[in-house]
Amino acid sequence: MESNHYNDFSPTEYSVPARVDRKSKPDTTKVNIGGVCIGGTEVIIIAGPCAIESREQMLDTAMQVHAAGANILRGGAFKPRTSPYSFQGLGEEGLKYLEEARKETGMPVVTEVLDTRQMELVCKYTDIVQIGSRSMHNYPLLKEAGRCKKSVLFKRGMMATVEEYLLAAEYILCEGNQDVILCERGIRTFENSTRFTLDLSAVPLLKRLTHLPVIVDPSHGTGLSWMVPAMAKAAVAAGADGLMIEVHNRPLDALSDGRQSMYPDDFAQLVKDIDKVAHAVGRKLLPLKPPAA
Ligand code: PEP
Ligand code: MN
């Protein structure tokens, strides 16, 4: 059986596992989350703070990103921090604020799960379960996500090749969950002017290799809020099905990732600019969902 598509120009033998392989399913998978379709012609935007820090911070940021045109709300309650002394997230208290923001804005929500033991709790509150970069190799967690009844936002490991990433995604699909959204969020290279190196070439590569929808996170990919707009627009031009962008109502006070978090006003301008790029490449932004009555 032919094991790769890329012998023609790549020195790497990509062995694309069966379930994620576009050859097994030529049409892009559309993941539907409460009326928001990821993987169609429309580009979707996920926005919100890195971490849920307080009720006020979560609700205020949620209202502002919703007004700016975001389709899905993000916010972490369990944070994978480099230092054990950094803010670790509010846990279930944070999930409750996220739930309130979901009700207020009508937006579906995404939040990260770090541990198999948190899966049930996180699934009680969220529409999409996020598996972060640091968990890409946590196979028990991937299997648990494959058995949960929610869509999965699955980020690329910062030190993983595309092949390793697809093999990891295969773990989720093997357990029966087909609603998987891939997310390029930057990889470790020798370059240290940016937090990570946003690998935008992974977008066309993944789009060619797999039927799963692909979004890009330019916030973690650069670590610098001023650089986010350029890379967000480039991601859409490269064919991404969506973006995940960190926005904080007061970035200077953020308890995590403040440097890469956009001000709500700058984010609102960026949404308008992304719309222009989307149109230029034959796509458009998914229109706003009206606030819940
Ligand atoms: C996040 O989305 O806040 C996060 C921790 O991302 P990553 O896993 O890509 O570092
Ligand atoms: Mn973050």
Side-chain angles (χ1 to χ4, degrees), residues 33-34 36 42-77 79 87 89-90 94-112 126-128 130 153 183 185 195 198 215-236 240 242-278 284-292:
I33 303 121
V36 177
E42 285 155 333
V43 172
I44 64 96
I45 301 181
I46 303 173
C50 178
I52 304 158
E53 299 168 7
S54 69
R55 181 174 180 273
E56 178 274 331
Q57 172 252 12
M58 190 65 233
L59 289 177
D60 186 26
T61 308
M63 301 299 254
Q64 296 202 62
V65 297
H66 181 256
N71 308 108
I72 297 174
L73 182 64
R74 65 154 286 149
K79 296 304 304 175
F87 175 60
L90 295 179
L95 293 174
K96 289 185 174 153
Y97 302 146
L98 188 64
E99 183 181 46
E100 206 177 330
R102 178 183 188 275
K103 276 206 192 99
E104 284 290 319
T105 60
M107 283 191 285
V109 297
V110 56
T111 197
E112 180 164 355
T126 199
D127 301 287
I128 309 172
Q130 177 172 324
L153 174 53
C183 179
R185 49 78 70 209
R195 187 178 178 193
L198 188 63
I215 70 165
V216 170
D217 170 355
S219 306
H220 292 87
T222 62
L224 301 162
S225 60
W226 63 264
M227 203 183 277
V228 169
M231 299 316 282
K233 287 179 275 185
V236 172
L243 296 162
M244 177 145 93
I245 297 174
E246 285 187 342
V247 181
H248 194 290
N249 62 343
R250 288 184 305 274
L252 295 177
D253 299 332
L255 297 180
S256 89
D257 289 351
R259 261 184 108 197
Q260 68 193 34
S261 298
M262 294 188 77
Y263 282 92
D265 287 355
D266 294 337
F267 173 69
Q269 182 57 48
L270 174 59
V271 173
K272 291 184 185 138
D273 296 342
I274 290 167
D275 195 35
K276 289 183 205 148
V277 176
K284 57 183 179 171
L285 283 185
L286 184 68
L288 269 187
K289 225 180 151 210

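Owing to the predicted nature of the structure, the values given are computational and were not obtained by experimental measurement.
Put simply, the side chain of Met107 does not reach to within 4.5 Å of the side chain of Val36, judged on heavy atoms. Two residues are said to be in side-chain contact when any heavy atoms from C-beta on lie closer than 4.5 Å; Arg195 and Leu224 fail this criterion. Side-chain contact check for Met58 versus Leu98: some heavy-atom pair is nearer than 4.5 Å. Counting only heavy atoms from C-beta outward, the side chains of Met227 and Leu198 never approach each other to under 4.5 Å. Counting heavy atoms from C-beta outward, Glu104 and His66 have side chains that stay 4.5 Å or more apart. Here the side chains of Pro229 and Gln269 are not in contact, with every heavy-atom distance at 4.5 Å or above. Using a 4.5 Å heavy-atom cutoff, the side chains of Leu255 and Gln57 are not in contact. Annotation: side chain of Leu90 is not in contact with side chain of Glu53 (no heavy-atom distance under 4.5 Å).
Put simply, the side chain of Thr126 gets close to the backbone of Val109: a donor and an acceptor are under 3.5 Å apart. Remark: side-chain polar atoms of Asn71 are paired, donor with acceptor, to backbone N or O of Leu286 under 3.5 angstrom. Although no hydrogens or angles enter the test, the distance criterion places a donor-acceptor pair under 3.5 Å between the side chain of Thr61 and the main chain of Asn249. The closest donor-acceptor contact from the side chain of Lys233 to the backbone of Lys276 lies at 3.5 Å or more, if one exists at all. Between the side chain of Thr111 and the backbone N or O of Gly75, at least one donor-acceptor pair lies under 3.5 Å. Using a distance-only test at 3.5 Å, with no hydrogens or angles considered, a donor-acceptor pair links the side chain of Arg74 to the main chain of Cys50.
When all heavy atoms of Asp127 and Pro108 are compared, the pair lying nearest together is OD2-CA, 3.2 Å. Of all the heavy atoms in Ala47 and Ala70, the pair that sits closest is CB-CB, 3.9 Å. Nearest approach of Val228 to Pro218, heavy atoms of both residues: CG2-O, 3.7 Å. Among all heavy-atom pairs drawn from Leu270 and Ala232, the shortest one is CD2-CB, 4.1 Å. Scanning both residues, Tyr97 and Ser54, for their nearest heavy atoms gives CD1-C, 3.8 Å. Of all the heavy atoms in Leu73 and Gly48, the pair that sits closest is CD1-CA, 4.4 Å.
Among Pro264, Ser225, Ser219, the single residue meeting the side chain to side chain contact (heavy atoms under 4.5 Å, CB included) criterion with Val247 is Pro264. No option in Asp217, Val216, Ile46 other than Asp217 meets the side chain to side chain contact (heavy atoms under 4.5 Å, CB included) test with Cys183.
To the nearest 0.5 Å, atoms CD1 (Ile72) and CD1 (Ile44) are separated by 4.5 Å. To the nearest 0.5 Å, atoms CD1 (Ile52) and CG (Leu59) are separated by 10.5 Å.
Applying the 6.0 Å contact sphere to CZ of Arg55 captures no more than 12 heavy atoms from other residues, nucleotides or ligands.
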Under the criterion side chain to side chain contact (heavy atoms under 4.5 Å, CB included), I'd like the reasoning laid out for Val110 against Ile33: C-alpha separation, chi angles, the key distance, then a yes or no.
CA-CA 10 Å; Val110 56; Ile33 303 121; over 6 Å; no
Test side-chain hydrogen bond (donor to acceptor under 3.5 Å, both in side chains) on Asp257 and His220; report intermediate values, then the result.
CA-CA 8 Å; Asp257 289 351; His220 292 87; 3.0 Å; yes
